[in-house]
There are 2 protein chains.
Amino acid sequence: MNQRETMTQFGKEALLQANISELLPFASLDEDQTRKMIDLATVHRVKQNKTYFDEGDRAENFFLLIDGFLRIVRTTKEGDQVVVLHIAPGQMFGIAKAFESVNYTATAQAASEGLALSWPSELWDKFIQDYPGFQKATRRAVGTRVTEMQDKLISMATHQVERRIAHAILRLLEQAGKETEDGVAIDFPLTRQDISEMTGTTLHSVSRCLSKWQRDGLVRSERRRVVVRQPESLPV
Amino acid sequence: MNQRETMTQFGKEALLQANISELLPFASLDEDQTRKMIDLATVHRVKQNKTYFDEGDRAENFFLLIDGFLRIVRTTKEGDQVVVLHIAPGQMFGIAKAFESVNYTATAQAASEGLALSWPSELWDKFIQDYPGFQKATRRAVGTRVTEMQDKLISMATHQVERRIAHAILRLLEQAGKETEDGVAIDFPLTRQDISEMTGTTLHSVSRCLSKWQRDGLVRSERRRVVVRQPESLPV
DNA sequence: CGCCGACTTGATAACCTTCAAGCTCCGTGG
DNA sequence: CCACGGAGCTTGAAGGTTATCAAGTCGGCG
């Protein structure tokens with residue numbers, strides 16, 4: 001919060017001083033290289049539920065999420081939304097270049113107000129050449145993502161609703177878990193609808209499920225908020 | 001085994017003469033480069049339902065499928081198999097290197113008897129440096145795959161069984177469709193069980209579905225074989 | 001204060017899995 | 001060559017899970 005304010009005011013300078021350089025793609029860069037990279041970047045501040053880019057847009061930039069969370073969403077012809085995955089701070093997104101793709105294949109929507117850097121896609125190959133860690137980082141990002149999608153696919157194919165919801169919530173805990181005196185909270189606003197779009201079910205089923213878990217003391221669920229008290233007791 | 005020997009000795013020459021060089025990663029290479037690549041390759045001939053490699057194996061090689069079809073499969077702790085995607089001739093697979101991964105994350109199982117080339121993973125980065133088309137080809141392969149998995153995810157999340165089955169079959173038609181006097185056939189043996197593992201349902205539901213489509217004249221389905229007569233009439 | 005978005009909960013019904021039984025095809029071994 | 005067995009497939013019936021429909025609560029914001 002405080003930090004966010006600071007960033008707003010001083011922008012890129014603040015980014016340098018903050019622990020940005022510890023974020024993944026910058027990991028193996030020295031201060032000078034990091035500075036160069038940041039000099040080339042554009043800063044994006046995006047309000048909750050607004051998008052960084054939309055499915056089908058020309059992929060003119062690639063992004064690094066600094067703060068906040070976002071969901072990668074695809075919309076069907078019928079208008080159903082499906083959340084393909086979530087992105088946490090430090091991860092890159094909109095990396096169409098890694099797929100030789102001209103357009104973004106999905107929408108990047110802010111789950112909470114967020115801050116990101118972007119670079120023109122033309123710089124992609126240059127970064128790969130100039131900064132050895134960058135190539136590795138992008139590969140790892142792609143790998144993580146593929147694995148995550150596979151897990152999701154398997155979950156959808158083999159489990160029924162309750163376990164799918166449990167899986168989704170556990171994954172979010174890993175990415176965005178925040179200790180509270182009450183248990184581990186998911187650190188951004190999350191509606192029943194959101195969860196249903198992640199798990200391919202209805203908000204009604206999600207509601208019933210959370211209600212049941214709450215009765216059993218496994219979670220505390222409020223409006224737009226989920227806190228897990230006993231992660232290990234959720235149905236695998 | 002014996003067979004692999006034979007192929008090693010006599011096979012490569014034949015590969016060169018065949019239209020191997022038209023297959024994707026070789027596309028932009030001249031004859032000399034292609035020869036060099038093939039000289040470094042190992043030939044694999046794999047019987048139906050045998051595997052090229054298994055989930056968790058050390059990713060010592062990456063592969064190019066020359067002939068036959070294969071499925072990329074993951075198995076859950078409970079023993080459920082899920083077919084994540086299918087690979088057609090000309091596509092690379094086992095490309096753990098593209099994900100900075102040390103092990104294969106899934107099993108590659110021959111859907112029909114098949115032939116593949118492999119190279120040691122150490123050569124990956126060399127190929128990328130030496131052969132400009134290779135980088136592009138791998139990126140495109142990864143992109144196609146991600147898109148395909150997303151589509152599958154969306155299908156699973158929003159459609160019910162009948163449409164999921166229709167989607168799966170249409171995708172297979174694109175990858176492995178073969179014109180016959182009777183309609184477009186899927187060009188490798190495919191059981192109800194296989195289809196159920198692709199769509200997250202049971203072989204019973206698949207059977208009922210195909211029976212119904214057969215009654216309506218949309219498909220002809222036999223033992224391990226599916227022929228589609230009216231692709232456009234399948235439920236989107 | 002009233003409205004809207006988020007959420008809950010019951011009732012009903014559709015969809016699909018599960019269980020059960022039996023069929024056909026094909027390879028194998030007697 | 002035929003019998004046998006197993007793999008692949010079909011179909012009915014029953015039952016459970018989950019979506020859909022419907023009604024209403026809660027809480028924040030203009």
Side-chain angles (χ1 to χ4, degrees), chain A residues 47-50 76 78-83 109 111-112 155-169 186 188-216 219-227 235, chain B residues 47-50 76 78-83 109 111-113 155-169 186 188-216 218-227 235:
Chain A
K47 287 246 160 55
Q48 195 183 334
N49 293 330
K50 299 290 180 197
T76 65
E78 288 89 7
D80 298 308
Q81 293 212 135
V82 179
V83 176
Q109 191 178 38
S112 55
S155 186
M156 300 268 295
T158 62
H159 301 322
Q160 37 197 66
V161 168
E162 194 182 11
R163 293 181 63 179
R164 298 211 298 270
I165 296 174
H167 271 131
I169 290 188
I186 291 169
F188 57 83
L190 185 70
T191 68
R192 310 293 183 260
Q193 175 80 28
D194 291 335
I195 299 176
S196 74
E197 284 170 2
M198 297 170 57
T199 52
T201 178
T202 62
L203 69 108
H204 309 274
S205 293
V206 174
S207 177
R208 277 183 240 275
C209 202
L210 289 178
S211 295
K212 188 182 135 206
W213 290 344
Q214 174 135 334
R215 272 198 298 283
D216 298 344
V219 305
R220 243 160 55 74
S221 77
E222 299 158 13
R223 223 188 145 86
R224 297 157 146 271
R225 185 150 187 276
V226 176
V227 184
Chain B
K47 287 243 160 55
Q48 195 181 338
N49 292 330
K50 298 291 179 196
T76 65
E78 289 90 8
D80 298 309
Q81 293 213 133
V82 179
V83 177
Q109 190 178 39
S112 56
E113 183 175 1
S155 185
M156 299 270 294
T158 62
H159 301 323
Q160 37 198 63
V161 168
E162 193 181 12
R163 291 182 65 180
R164 296 211 300 269
I165 296 174
H167 270 133
I169 289 187
I186 291 168
F188 57 84
L190 185 69
T191 68
R192 310 292 184 261
Q193 175 80 28
D194 290 336
I195 299 176
S196 75
E197 285 171 2
M198 297 171 57
T199 52
T201 178
T202 61
L203 69 108
H204 308 275
S205 293
V206 174
S207 176
R208 278 183 239 274
C209 201
L210 290 178
S211 295
K212 189 183 133 203
W213 290 345
Q214 174 135 332
R215 274 197 297 283
D216 298 345
L218 303 186
V219 305
R220 243 162 53 74
S221 77
E222 300 159 11
R223 208 168 214 258
R224 300 157 142 268
R225 185 152 186 276
V226 177
V227 184

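Each chain gets a letter, A, B and so on, in the order its sequence line appears, and its residues count up from 1. We use all heavy atoms of the structure for the numbers below, so side chains are in, but hydrogens, waters and symmetry mates are not.
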In short, the helix from C:dC1-D:dG30 to C:dG30-D:dC1 is bent end to end, axes from five pairs each side, to 10°, by 30°
- Query: If we only count heavy atoms from C-beta on, is the B:Lys212 to B:Arg208 side-chain gap below 4.5 Å?
  - Reply: no
Whole-Å distance, B:Leu203 CG to D:dC9 P, equals 8 Å
Are the side chain of B:Arg164 and the backbone of B:His159 linked by a donor-acceptor contact shorter than 3.5 Å?
yes
For this session: Verify whether one side chain among A:Ser221 and A:Arg192 offers a donor that lies under 3.5 Å from an acceptor in the other.
Result: yes
Here the gap from A:Met198 atom CE to A:Gln193 atom CD, rounded to the nearest 0.5 Å, amounts to 12.5 Å
note: A:Ile195, atom CD1; C:dT8, atom C1'; distance rounded to Å ~ 14 Å
Counting only N and O atoms by type, is there a donor-acceptor contact under 3.5 Å from the side chain of B:Asp194 to the main-chain atoms of B:Thr191?
-> yes
When rounded to whole Å, the CG to P distance for the pair A:Leu190 and C:dA6 reads 12 Å
How about B:Leu210 and B:Ile169: do any of their side-chain heavy atoms sit closer than 4.5 Å?
yes
Atom CD1 of B:Ile165 and atom C1' of C:dT17 are separated, to the nearest Å, by 13 Å
_Sugar-phosphate, base or nothing in reach of B:Ser207, heavy atoms under 4.0 Å_ = base
Atom CD of A:Gln48 and atom C1' of C:dA6 are separated, to the nearest Å, by 13 Å
In whole angstroms, the gap separating P of D:dG6 from CD of B:Gln193 amounts to 18 Å
Distance col, row A:Ser112:OG vs A:Ile186:CD1, nearest 0.5 angstrom, shows 12.0 Å
Nearest heavy-atom contact between A:Met156 and A:Thr199 is SD-O, 3.4 Å
Taken to the nearest 0.5 Å, the spacing of B:Lys50 NZ from B:Gln109 CD works out to 10.0 Å
Okay, side chain of B:Ser211, backbone of B:Ser207: is any donor-acceptor separation there less than 3.5 Å? yes
Protein-proximity profile, nucleotides 19-24 of chain D, B/S/- by nucleotide at the 4.0 Å heavy-atom cutoff, equals SBBB--
Separation between CZ (A:Arg224) and CG (A:Leu190), nearest 0.5 Å, reads 10.0 Å
Separation of C:dT9 atom C1' from A:Lys212 atom NZ, nearest Å, is 16 Å
Here the residues of residues 219-227 of chain A within 4.0 Å heavy-atom distance, strictly under, of DNA chain D are A:Arg223
Separation of D:dT17 atom C1' from B:Gln160 atom CD, nearest Å, is 14 Å
